[in-house]
Amino acid sequence: MLKREYLLELGIENILNYLRKSRQDIELEKRTGEDTLKSQKDLMDSVLNPLGIPFVQRAEIGSGDKISTRPVFQGVIEDLRAGIYQAIAVKEISRMGRGSYTDMGIIYDLIVERRIYVITPWKIYDPKNQADLRQIRFELFMSREEFETTRERLSGGRVLKALEGKWMAGKPPFGYYLDTQSTKLVINDEEAVVVRLIFNLYATGIPLSNGKTKDAGVRAIATYLRRIGIKTPLGNDGWRPDNIKYMLSNECYIGVIKYRTTTNVEGKTVPRPAEEHIIIVDAHEAIIDETLWLKVQSKLTDPGTYRPRVRMDYSAYELTGLPVCKVCGLKMIRQVQKQQYKSKKTGEITTYNKEFLRCATNGCVMVKYKSIEEDLLHTLKYIQELDSELMQPILNQMIGEKKTAGNANLEDISGFVERRTKELSNRLKFIYEKYESGIYTDEMFVERKSEIDKEMLRLKEMSNPQVQEQLIEKEPQVDYEKIKDKFGSILESYHACGEDKASKNSILRKVFDHVQIEVLEKGRGSIPAKHVIYPVLKYDILKSDILVL
């Protein structure tokens with residue numbers, strides 16, 4: 001039984017009582033529903049209240065093995081280091097920590113250096129007593145060993161169950177449910193229909209009203225699913241493109257279970273070596289057949305495959321993709337504000353939309369949308385009316401970089417060869433993995449490897465300086481009279497589009513690479529902002545043999 005007089009003689013004037021659930025406490029709560037943290041508090045109250053020495057209690061709601069995952073205990077350490085408390089009270093020494101040996105060293109060094117007494121319901125540990133220190137070291141060591149033994153036992157049990165094809169990875173993926181008797185995945189027929197639909201949409205395209213299909217990426221598929229009223233696994237309307245992409249690459253849908261592919265190092269998930277992976281083929285019934293799976297994976301892993309990045313419900317406006325903020329370099333976004341106007345004479349309320357271009361950086365730049373469109377059209381008219389002698393220096397000043405494939409330079413070609421070689425190397429690694437895991441047959445492996453080898457050979461030829469010289473196109477001969485005529489045709493075609501905003505955008509994007517916008521004076525009320533534009537023409541506009549429209 002602890003006595004107040006003895007504690008005061010030791011210089012203990014303030015006590016910090018640290019409460020934390022153990023793994024056994026958590027398991028007990030699951031079985032019985034008992035509040036183990038309250039039980040622990042009641043026990044420590046019965047020990048500390050009779051002493052008549054001031055104490056505070058701090059409870060760790062969560063349970064973490066490391067100090068870095070226990071914010072309350074981090075505060076406890078800071079207060080003990082600051083000398084606010086002379087003793088720490090715990091139900092057991094292991095409550096302070098059973099994490100890494102580094103963490104145990106931090107706790108032990110703190111007890112010794114700051115001479116912190118450790119109070120338990122059955123004993124007080126004196127940091128100046130070697131026998132007590134030896135007991136503290138032993139308790140910390142044994143709690144860590146117990147933790148490691150428990151973890152190894154649990155991990156070993158999971159591995160054995162995984163090898164039997166049992167599901168050990170938490171919540172079953174969409175399309176399956178967990179059979180509690182066999183602990184294996186079983187197809188959920190209703191959800192499996194959606195899974196097959198997603199794979200088929202990605203592989204063959206989205207159906208159009210004319211009976212044809214349109215190749216589409218995950219973003220377009222997300223929009224299509226929302227449009228036809230298919231709910232997400234959580235019952236929401238909006239599908240996330242990244243979730244669809246994860247589904248398309250999840251080998252669980254072809255009956256494969258992977259276990260021990262990652263590990264946790266200093267709070268970060270990192271890949272395990274391939275030899276540590278546990279891969280079980282035909283662990284459960286597949287939702288997706290092998291032919292469809294391979295077609296989808298080929299599209300996912302091939303950077304050359306067309307994958308549109310726009311939504312299916314997307315419609316371009318006149319300036320889409322062109323405006324750039326001169327201040328921060330970010331793309332500018334079309335923003336619409338609904339305004340209401342009440343007639344003073346009739347009292348009739350009219351609603352109309354006000355269009356603006358807003359920089360992605362809040363509070364940076366905002367201008368009227370139509371003002372920029374008018375400025376670009378004025379630029380085209382200005383160029384059309386230029387004298388041929390004046391046109392050359394002005395166009396040279398406004399022209400952009402040579403970005404087209406036909407105007408590639410040595411640096412462009414070398415960069416392309418390097419990037420494509422790296423991409424093909426990754427694809428080669430991928431097919432080797434599939435071949436070694438038995439997913440690819442000998443014929444499939446040889447066919448895919450042969451395709452990569454052929455392109456590798458072509459890239460090697462492109463590395464030849466003589467071949468590169470042939471790919472580089474000489475500067476075009478510019479006929480400025482034809483340029484004037486071309487700009488006249490551009491303006492006529494633009495105005496002929498009427499309300500077809502997408503066609504207008506197509507015309508502008510064939511002429512302009514982008515347009516920088518700088519605000520000289522912000523607008524106030526009905527007074528618009530004062531701005532200046534810096535339009536950049538596309539290099540191809542100089543080629544008189546290229547029809548822009």
Side-chain angles (χ1 to χ4, degrees), residues 2 7 10-27 36-37 40 43-44 47-48 55-156 262-270 272 276:
L2 300 178
L7 297 182
L10 295 175
I12 298 175
E13 298 177 351
N14 290 286
I15 301 172
L16 197 160
N17 178 204
Y18 178 63
L19 309 172
R20 181 173 76 93
K21 295 178 184 180
S22 67
R23 191 179 298 273
Q24 290 82 0
D25 289 340
I26 295 173
E27 292 175 356
T36 56
L37 203 60
Q40 188 181 157
L43 171 63
M44 298 309 296
V47 172
L48 298 175
F55 71 92
V56 296
Q57 289 179 323
R58 294 190 188 166
E60 195 89 59
I61 303 301
S63 178
D65 298 323
K66 295 183 178 181
I67 292 175
S68 60
T69 60
R70 289 187 285 149
V72 175
F73 192 67
Q74 292 173 25
V76 168
I77 289 177
E78 291 177 6
D79 288 348
L80 292 175
R81 280 202 179 117
I84 300 174
Y85 305 98
Q86 298 77 42
I88 179 171
V90 288
K91 181 181 177 182
E92 299 145 345
I93 289 178
S94 62
R95 302 283 167 160
M96 289 190 290
R98 57 191 303 182
S100 66
Y101 291 106
T102 301
D103 283 357
M104 288 193 294
I106 292 173
I107 296 168
Y108 180 78
D109 290 344
L110 176 64
I111 291 171
V112 174
E113 292 170 6
R114 303 301 300 177
R115 294 188 176 181
I116 305 297
Y117 293 89
V118 181
I119 300 173
T120 70
W122 304 275
K123 178 178 172 60
I124 180 168
Y125 294 87
D126 186 343
K128 293 175 285 185
N129 185 308
Q130 291 301 317
D132 286 353
L133 287 178
R134 189 181 304 112
Q135 184 66 23
I136 290 174
R137 291 196 299 270
F138 178 77
E139 293 279 354
L140 289 172
F141 174 78
M142 288 305 298
S143 65
R144 176 62 189 181
E145 285 301 302
E146 181 186 356
F147 170 74
E148 290 290 351
T149 301
T150 302
R151 186 165 67 174
E152 288 172 8
R153 186 172 65 249
L154 292 173
S155 179
T262 60
T263 187
N264 191 284
V265 177
E266 296 181 354
K268 295 182 180 179
T269 301
V270 297
R272 287 179 181 267
E276 294 183 11

Non-neighbouring partners of Glu13 that pass salt bridge (charged side-chain N to carboxylate O under 4.0 Å, His left out), sequence neighbours left out: none

Any residue meeting ring pair (Phe, Tyr, Trp, His ring centres under 6.0 Å) with Tyr18, in chain and number order, not counting sequence neighbours: Phe73

Distance (rounded to the nearest 0.5 Å) between Gln130 CD and Arg137 CZ: 7.0 Å

Closest non-hydrogen atom pair, Gln40 against Leu19: OE1-CA, 3.5 Å

Qualifying salt bridge (Lys or Arg N to Asp or Glu O under 4.0 Å) pairs, either residue in residues 110-119, two or more places apart: none

For Arg58, all residues meeting side-chain hydrogen bond (donor to acceptor under 3.5 Å, both in side chains), sequence neighbours excluded: Asp79

CA sep, side-chain torsions, deciding dist, call: Asn14, Phe55, side chain to side chain contact (heavy atoms under 4.5 Å, CB included): CA-CA 6 Å; Asn14 290 286; Phe55 71 92; over 6 Å; no

side-chain contact (heavy atoms from CB on, under 4.5 Å) involving Ala82 - partner list, sequence neighbours excluded: Ile84

Residue pair Pro121 / Leu43: nearest heavy atoms and the distance that separates them: CG-CD2, 4.1 Å

Heavy-atom closest contact (Asn17 atom, Gln57 atom, distance): OD1-NE2, 2.9 Å

Side chain to side chain, Ile124 and Leu10, heavy atoms closer than 4.5 Å: yes

Closest contact, heavy atoms only, Leu110 versus Ile116: O-CG1, 3.9 Å

Atom pair CG (Leu16) and CD1 (Ile119), whose distance is rounded to the nearest 0.5 Å: 10.5 Å

Partner set under side-chain hydrogen bond (donor to acceptor under 3.5 Å, both in side chains) for Tyr125, not counting sequence neighbours: none

side-chain contact (heavy atoms from CB on, under 4.5 Å) against Gln74, all qualifying residues, sequence neighbours excluded: Ile67

Least distance between heavy atoms, Ile15 atom then Ala89 atom: CG2-CB, 3.9 Å

Heavy-atom pair of closest approach, residues Ala87 and Leu80: O-CD2, 4.5 Å

Pairs involving residues 127-136, ordered by first then second residue, that meet salt bridge (Lys or Arg N to Asp or Glu O under 4.0 Å) (sequence neighbours left out): Lys123-Asp132

Glu60 side chain to Val72 backbone, donor-acceptor under 3.5 Å: yes

Side chain to side chain donor-acceptor pair (under 3.5 Å) contacts in which one or both residues fall within residues 80-89, not counting sequence neighbours: none

